[in-house]
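The structure appears below as structure tokens.
Quantities reported herein were computed from a predicted structural model and do not represent experimental measurements. So you know, we letter chains A, B, ... as the sequences are listed, proteins then strands, and number each from 1.
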Amino acid sequence: MLDIKLIRENPDLVKNAIENRHDSAPIDEVLRLDAERRRNIVKLDALRQERKVISKEREKAQERGRALRTEIQTLEEEVNKIDRQLEELLLQIPNIPQPDVPIGKDDSENVTVRTWGEPKKLDFSPLPHWTLGENLKIIDFERGVKLSGSRFYILKGMGARLQRALITFFLDLHTREHGYSEIYPPYMVKRECMVGAGQLPKFAENIYHDAEEDYWFVGTAEIPLTNLHRDEILTAEELPLYYCAYTACFRREKMSAGKDTRGIKRGHQFDKVELYKFVMPETSNDELEKLTRDAEDVCQKLGLAYRIRKLCTGDLGFTSIKSYDIDVWAPGCGEWLEVSSCSNCGDFQARRANVRYRPEPNAKPQFVHTLNGSGLALPRIMIAVMENNQQADGSINVPEVLQSYVGAKVIK
RNA sequence: GGAGGGGUCGCAUAGUGGUCUAGUGCGGGCGCCUGCUAAGCGCUUUCCCUGGGUAACUGGGGACGAGGGUUCGAAUCCCUCCCCCUCCGCCA
């Protein structure tokens, strides 16, 4: 959520930012409601003050008191109504990109800022992971569909083992070498967590939801992690906070219907290790660079070639002020796979989730900045590991860092 | 799921219709005192909204788990919901 004062004082800056995102938002309506709200509050406060004075005179002022009560109730209802309308609109407005974010319409205008390694060239014709996986009997697509329908699959034997090895390896690396503390959060959360992290109200159609209990299934561990410190005031000494969490992630993928239906690239359920930070505002840009390096480190240790792309305004996520995507090369399906998206959300989520810190012992609380990034997303790293390490005989060499976790050097 | 008890300013507590403008203790901050430290003494210490002023500053309103209601007036009375504790039931 944006600061209403920012919109009030710099409406053109906000409108311009939204235009650069190729998005739209009713800024003029927000300004109108904001002005109306404040006019009403001035009136309401005056009436309440009068009530306070009059009630001290006890029985003498009962008639005026009754009239005041009616007036106050009417105005309160009006202000509540405007508050709700304003809130609804404010929650739909995206974050403002930072000045160094390239302006562009979609992912074709993202900018590659660096690369690592060379996209692998194999001396035989590489197979896509769905063929490799079926031949090795480590991915079972048919039975996944039998159980749960399209976009579901089953990992079995060494496939399941490989995924579990990756999860453990990621968590060990981030907790032991990068300074993150591990969290095991709920996979279902309350509505206000979804609002806090920026998923609701705008993206409801992509979220699984249990209507009976009003539980919402997380599409990323970013959601519970954002809300870990909801409605808290942290001390300056506690910051920065680094968290990582493994969770299953659930997405309806309504918006990408028909896209990437082959293989395990885009399912309704997938696994991910997420990195998350709460930091002081002035440090968040440096923290984004560090977080991105932490995610990259995983690719390097797995020996996977990748590129880092700075997202342009048109491709930037709703909550983000600046993001880097990490794409790894997959020679079998012949594409760059997005395995991480590292974002600085500024104070956008902190304002929604009301996460603040006190810069000095008796100072006024301020919103923290939050950052998130995958470290990394599993099915896609599985794809990359399988396709990059495949041999001419159809077996897969296990990367050295994973061998102790997998308990084998080759999957065959 | 059932019965009972409870949710007050970081923590602990007081407060059962108007003197609560939410008290007290602990903790935190500033200062005094002091070979040093501790103790002691004094002052201070919740958050949000909003008005006036370039500003320092200053006026007003709201919040006692959440939301409604009763009343001239609600932390206090009533209703609904949430959470915690104890016991029972069920369960990995």
Identify the nucleotide, in any strand shown, that forms a Watson-Crick or G-U wobble pair with [N], with both distances under 3.5 Å; if there is none, say none.
N	result
B/A56	none
B/G17	none
B/A12	B/U24
B/U86	B/A3
B/A66	B/U80
B/C41	B/G31

Item to complete: With the side chain counted from C-beta on, respond yes when A/Lys290 and A/Lys277 share a heavy-atom pair under 4.5 Å apart, and no when they do not.
Response: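 Result yes, sub-4.5 Å side-chain heavy-atom pair found.
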Taking only the side-chain heavy atoms of [X] (C-beta and beyond), determine which of [options] contains the nearest atom.
X	options	answer
A/Asn80	B/G18, B/G68, B/C48	B/G68
A/Pro365	B/U50, B/C47, B/G62	B/C47
A/Arg69	B/C72, B/G62, B/U50	B/C72
A/Gln73	B/G73, B/G62, B/U70	B/U70
A/Ile41	B/G18, B/U50, B/C47	B/U50
A/Val42	B/G73, B/G51, B/G60	B/G51

Worksheet item: Aromatic rings A/Tyr184 and A/Tyr187: how do their planes relate, parallel, tilted or perpendicular, breaks at 30° and 60°?
Response: tilted
Between the side chains of [Y] and [X], is the shortest nitrogen-to-carboxylate-oxygen separation below 4.0 Å, so that they form an ion pair?
X	Y	value
A/Arg309	A/Asp107	no
A/Asp23	A/Lys202	yes
A/Arg266	A/Glu253	yes
A/Lys43	A/Glu71	no
A/Glu205	A/Lys254	no

Regarding [X], tell me which of base, sugar-phosphate or nothing describes its non-hydrogen contacts under 4.0 Å with the strands shown.
X	answer
A/Arg39	nothing
A/Lys5	nothing
A/Arg8	sugar-phosphate

Taking atom [atom2] of [N] as reference, at what distance in whole Å does atom [atom1] of [X] sit?
X	N	atom1	atom2	answer
A/Leu68	B/C72	CG	P	12 Å
A/Glu50	B/G73	CD	P	12 Å
A/Ile54	B/U71	CD1	C1'	15 Å
A/Arg351	B/C48	CZ	P	12 Å
A/Asn40	B/G62	CG	C1'	16 Å
A/Glu76	B/G62	CD	P	9 Å

Can you check the distance between [N] and [M], where both ends of the measurement are the [atom1] atom (answer in whole Å)?
N	M	atom1	value
B/G69	B/U16	P	26 Å
B/A75	B/A66	P	12 Å
B/U13	B/G6	P	14 Å

Worksheet item: When you match A/Glu77 and A/Lys190 each to their closest nucleotide on RNA chain B, which lands nearer the 5' end?
Response: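 Nearer the 5' end of the strand: A/Glu77.
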Worksheet item: Starting at the 5' end of RNA chain B and moving along, which residue's nearest nucleotide shows up first, A/Arg356 or A/Arg48?
Response: A/Arg356
Within the structure, does a side-chain N or O atom of [X] lie under 4.0 Å from either OP1 or OP2 of [N]?
X	N	answer
A/Arg37	B/U50	yes
A/Lys364	B/C48	yes
A/Arg358	B/G10	no
A/Arg38	B/U50	no
A/Lys52	B/G62	yes

Practice prompt. Please confirm whether any donor atom in the side chain of A/Asp45 sits under 3.5 Å from an acceptor in the base of B/G60, or the reverse.
Written response: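 Present.
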